[in-house]
Amino acid sequence: MKVTYDLECNLAQTLNILGDRWTMLVLHRISKNKNTFKELQKSLDSIPTNILSNRIKLLEENELIYSELYNEHPPRYKYMLTQKGKDFNHVFNSMILWANKYLDNCNRTLCHKECGKQVKIKYYCENCDEYVDDLIVKDY
């Protein structure tokens, strides 16, 4: 892994993996079932093939995705999310809500499947068995 930020910080360490141009979009497309190199290329039409290949390798090395051979001659792979990669969907959802609130030209929002209305993020404390708003970031 190329280290861009040499900081002991959750955000910096995450950006060391996902902070390069295209990386989060590649991960997002895989989460939306664009699972082959060709599908990823098509859904990110201006990404150079060498960059796409590099980003896939980076995501594999960091265990956010894994590859599965689906054709032997020539070798073709499909890319799937690991649990670690699936857990990043919460971050994507947060970004969608934030962008919808603060940016122009955003055409998507996160809604409750049953009623179709927009949702918001709530934090839940398992220890207290309640939703909370008073959060702190704690160092260990």
I need the minimum non-hydrogen distance between [X] and [Y], along with the two atoms involved.
X      : Y      : value
Ile96  : Arg108 : CG2-O, 3.9 Å
Val132 : Cys125 : CG1-CB, 4.2 Å
Ala99  : Cys106 : O-SG, 3.5 Å
Lys122 : Asp133 : NZ-OD1, 4.1 Å

Quick one: pull up [atom1] in [X] and [atom2] in [Y] and give me the separation to the nearest 0.5 Å.
X      : Y      : atom1 : atom2 : result
Thr109 : Gln118 : OG1   : CD    : 3.0 Å
Asn93  : Met95  : CG    : CE    : 11.0 Å
Tyr70  : Asn35  : OH    : CG    : 10.0 Å
Ser43  : Arg29  : OG    : CZ    : 5.0 Å
Leu15  : Tyr5   : CG    : OH    : 5.5 Å
Ile56  : Thr23  : CD1   : OG1   : 10.5 Å

Gln41 side chain to Thr49 side chain, donor-acceptor N/O pair below 3.5 angstrom = no

Following the transitive rule for hydrophobic clusters with a side-chain heavy-atom cut-off under 4.5 Å over Ile, Leu, Val, Met, Phe, Trp and Tyr, establish whether [X] and [Y] coincide in one cluster.
X     : Y     : value
Met24 : Met80 : no
Leu25 : Leu97 : no
Leu11 : Leu7  : no
Val91 : Ile30 : yes

Is a donor on one side and an acceptor on the other found under 3.5 Å between the side chain of [X] and the backbone of [Y]?
X     : Y     : value
Asn62 : Ile17 : no
Glu60 : Ser67 : yes
Arg55 : Arg21 : yes
Thr82 : Glu63 : yes
Gln13 : Asn10 : no
Asn71 : Arg76 : no

Could you tell me if the side chain of [Y] sits less than 4.5 Å from the side chain of [X], heavy atoms only?
X     : Y      : value
Phe88 : Thr14  : yes
Leu52 : Trp22  : no
Ser94 : Ile121 : yes

Check whether more than 12 heavy atoms from other residues, nucleotides or ligands sit under 6.0 Å from atom [atom1] of [X], and answer yes or no.
X      : atom1 : value
Tyr131 : OH    : no
Lys84  : NZ    : yes
Lys117 : NZ    : no

Kindly indicate, with the supporting measurements, whether the criterion side chain to side chain contact (heavy atoms under 4.5 Å, CB included) is fulfilled by Leu103 and Trp98.
-> CA-CA 8 Å; Leu103 302 177; Trp98 182 88; 3.8 Å; yes

With sequence neighbours excluded, what pairs up with Gln83 under the side-chain hydrogen bond (donor to acceptor under 3.5 Å, both in side chains) test?
->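 Checked Gln83 against side-chain hydrogen bond (donor to acceptor under 3.5 Å, both in side chains); matches are Asp87.
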
Assess whether side chain to side chain contact (heavy atoms under 4.5 Å, CB included) is satisfied between Leu110 and Asn100, documenting all intermediate values.
-> CA-CA 9 Å; Leu110 198 61; Asn100 191 298; over 6 Å; no

With sequence neighbours left out, which residue pairs that include part of residues 24-53 fulfil the ring pair (Phe, Tyr, Trp, His ring centres under 6.0 Å) condition?
-> His28-Phe92

Give the C-alpha distance, both sets of side-chain angles, the deciding distance and a yes or no for side chain to side chain contact (heavy atoms under 4.5 Å, CB included) between Leu64 and Leu81.
-> CA-CA 6 Å; Leu64 292 159; Leu81 295 178; 5.9 Å; no

Please test Leu59 against Tyr79 for side chain to side chain contact (heavy atoms under 4.5 Å, CB included), starting from the C-alpha separation and ending with a verdict.
-> CA-CA 10 Å; Leu59 291 169; Tyr79 304 99; over 6 Å; no

